[in-house]
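These notes concern the structure reproduced below.
Residue numbers start from 1 in every chain, and the chains themselves are labelled A, B, ... in the order their sequence lines are given, proteins ahead of strands. Just so it is clear, the model here is predicted, and its values are computed rather than measured.
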Protein chains: 2
Amino acid sequence: MVGMATTTRRTERRTDALSRARIVEAAIEILDADGESALTFRALAARLATGSGAIYWHVANKSELLAAATDDVVARALGGAASEADPEQEVRTLALRIFDAIDAHPWVGSQLAREPLQLAMQQILEAIGQRLESFGTPDRALFDAASALTNYIVGVAGQNAANARLHVHDEGRTAFLEQVATRWTDLDAEQHPFLSKVAPQLADHDDREQFLAGVDLILAGIRTPH
Amino acid sequence: MVGMATTTRRTERRTDALSRARIVEAAIEILDADGESALTFRALAARLATGSGAIYWHVANKSELLAAATDDVVARALGGAASEADPEQEVRTLALRIFDAIDAHPWVGSQLAREPLQLAMQQILEAIGQRLESFGTPDRALFDAASALTNYIVGVAGQNAANARLHVHDEGRTAFLEQVATRWTDLDAEQHPFLSKVAPQLADHDDREQFLAGVDLILAGIRTPH
DNA sequence: GCACCACTGGAATCACGTTCCAAGCGCGCG
DNA sequence: CGCGCGCTTGGAACGTGATTCCAGTGGTGC
């Protein structure tokens with residue numbers, strides 16, 4: 001972007017030199033440790049023992065930094081896609097990899113939901129699309145199918161991130177779910193028949209399992225000729 | 001929240017008095033007109049011809065205000081759910097209503113993707129869940145199915161919002177899509193077989209149609225016994 | 001030894017969200 | 001009919017964040 005000389009040389013000055021990679025790495029550490037709100041240029045500068053100005057020489061702005069961090073995590077999550085016998089099973093494990101990555105780095109969820117056709121989204125779409133190829137779906141439907149799966153994944157990701165943001169770090173999560181479940185139970189059964197009915201399921205459901213159930217639903221739909 | 005007297009009386013003082021409703025309305029106007037970044041308490045105060053302090057008497061903080069605005073739009077979009085013969089068709093029109101509402105108010109997309117089991121999400125889940133009841137799906141699967149559809153919708157919503165934010169107000173959107181399509185075409189076909197293959201579809205695809213295709217996919221999956 | 005340039009650190013700027021506080025206003029009581 | 005009180009209001013003040021600016025610094029090639 002900026003910097004990265006027009007002249008060709010690229011001699012590592014100090015070994016501890018600042019670099020885009022080191023900055024992104026530090027950003028990820030901060031995000032993982034203390035959440036999205038903790039990532040400020042001041043904090044980043046402090047952690048890298050430098051000033052914010054120096055960081056701006058390597059990175060255009062905060063949103064680019066976040067995008068880079070996201071791409072990084074997503075790439076790692078998708079890396080080394082072990083192929084399995086069943087292509088459908090491949091899609092499932094792929095989806096779970098992404099789910100787990102986002103579970104481990106909730107801020108990635110927000111970011112995916114925020115940026116449009118960015119690198120990270122592209123990687124996911126490509127990975128899923130590739131696996132879907134072998135389903136024998138007609139080309140046009142293929143694009144729709146891959147998009148649907150990707151959008152579903154991103155949707156879940158966003159919700160997970162929102163939850164994580166709410167209960168930074170802990171398992172007040174369980175308490176929160178119970179609280180919502182109670183709220184649903186207390187709803188007027190006339191006005192909200194569905195929610196009051198499923199309330200008990202909410203309390204003990206497993207996010208990961210439910211996510212996978214959704215993936216299976218979509219896969220089943222893709223298989224169906226419609 | 002705050003205010004709203006412990007004592008019971010609630011006599012409308014001036015007719016032009018500030019009120020939570022009027023504030024939310026003004027917020028929506030600003031959001032619709034100039035996007036998420038334009039909604040500041042200063043701008044809001046200016047539009048309402050008052051000070052920011054006065055606003056805080058009616059609304060706890062910005063995120064509550066955004067949530068209220070979102071609930072408002074979603075409620076309107078879901079209102080008067082005309083029932084149709086086919087329950088499946090009902091789900092489709094319901095989904096389209098939400099899609100269109102978000103298309104008209106992109107900031108709602110960001111918001112939905114950002115807040116966890118908030119009122120707005122609840123409304124959507126309930127509406128979809130109700131329609132799904134008549135599918136004869138077993139209860140447990142029903143919750144999963146409704147969640148899947150909801151998450152898919154929210155995922156698409158987030159992407160739409162992201163796009164809208166990028167090309168505030170205009171149709172640089174088309175230009176953007178073409179640009180991405182070119183990027184995909186230029187990708188190494190070895191590394192990205194899928195994207196380079198579907199690139200041409202990207203340029204001319206219709207968001208709304210593709211969204212509906214995804215809904216149909218999931219509906220097909222729900223019908224399938226698996 | 002010198003001039004240059006990639007790169008650095010931190011101070012300065014500007015816009016926000018939020019908090020504080022000194023009024024303003026109408027009501028009900030005396 | 002005026003007074004006091006508590007709900008409301010307007011706007012100033014505060015703290016913090018992103019971003020910009022700028023005065024260096026030190027290594028490189030001459």
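Set against dT8(D), dA11(C), dT8(C), the side chain of Ala54(A) has dT8(C) as its closest nucleotide.
What separates CH2 of Trp57(B) from P of dC21(C) is a distance of 18 Å, to the nearest Å. The CD1 atom of Ile23(A) sits 11 Å away from the C1' atom of dC7(C) (whole-angstrom rounding). Residue Arg22(A) contributes atom CZ, which lies 14 Å from atom P of dC7(C) at whole-angstrom precision. Counting to the nearest Å, the C1' atom of dT16(D) and the CG atom of Leu44(A) are 16 Å from each other. Remark: P of dG10(C) and CD1 of Ile55(A) are 12 Å apart, rounded to the nearest angstrom.
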Produce the list of close N/O pairs, under 3.5 Å, pairing protein atoms with atoms of nucleotides 13-17 of chain C; give distances to one decimal.
residue, atom, partner, partner atom, Å
dC16(C), N4, Arg42(B), NH2, 3.3
dG17(C), OP1, Lys62(B), NZ, 2.4
dG17(C), OP2, Phe41(B), N, 3.0
dG17(C), O6, Arg42(B), NH2, 3.0

Which donor-acceptor pairs under 3.5 Å do the side chains of residues 114-126 of chain B make with protein atoms, sequence neighbours left out?
residue, atom, partner, partner atom, Å
Glu115(B), OE2, Gln111(B), NE2, 2.5
Glu126(B), OE1, Phe194(A), N, 3.4
Glu126(B), OE1, Leu195(A), N, 2.8
Glu126(B), OE2, Phe194(A), N, 3.1
Glu126(B), OE2, Gln130(B), NE2, 2.7

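Salt bridge annotation for Asp71(B)-Arg76(B): absent, with no cationic side-chain nitrogen under 4.0 angstrom from a carboxylate oxygen.
In this structure, Ala49(A) reaches the sugar-phosphate backbone alone: every heavy-atom distance under 4.0 Å involves primed, P, OP1 or OP2 atoms, never a base.
Here Thr93(B) pairs with Glu84(B), Gln89(B) under the side-chain contact (heavy atoms from CB on, under 4.5 Å) rule; sequence neighbours left out. By the ring-ring contact (aromatic ring centres under 6.0 Å, His included) test, Phe211(A) pairs with Phe99(A), Tyr152(A), sequence neighbours left out. With sequence neighbours excluded, no residue forms a side-chain contact (heavy atoms from CB on, under 4.5 Å) with Gln179(A). Residues forming a side chain to side chain donor-acceptor pair (under 3.5 Å) with Arg183(B) (at least two apart in sequence, or on another chain): none.
Take the nearest nucleotide of DNA chain D for Ser52(B) and for Ser63(A): the residue whose nucleotide is more 5' is Ser52(B).
Applying the 4.0 Å criterion to OP1 and OP2 of dA6(C), one finds that His58(A) has every side-chain N and O outside that range.
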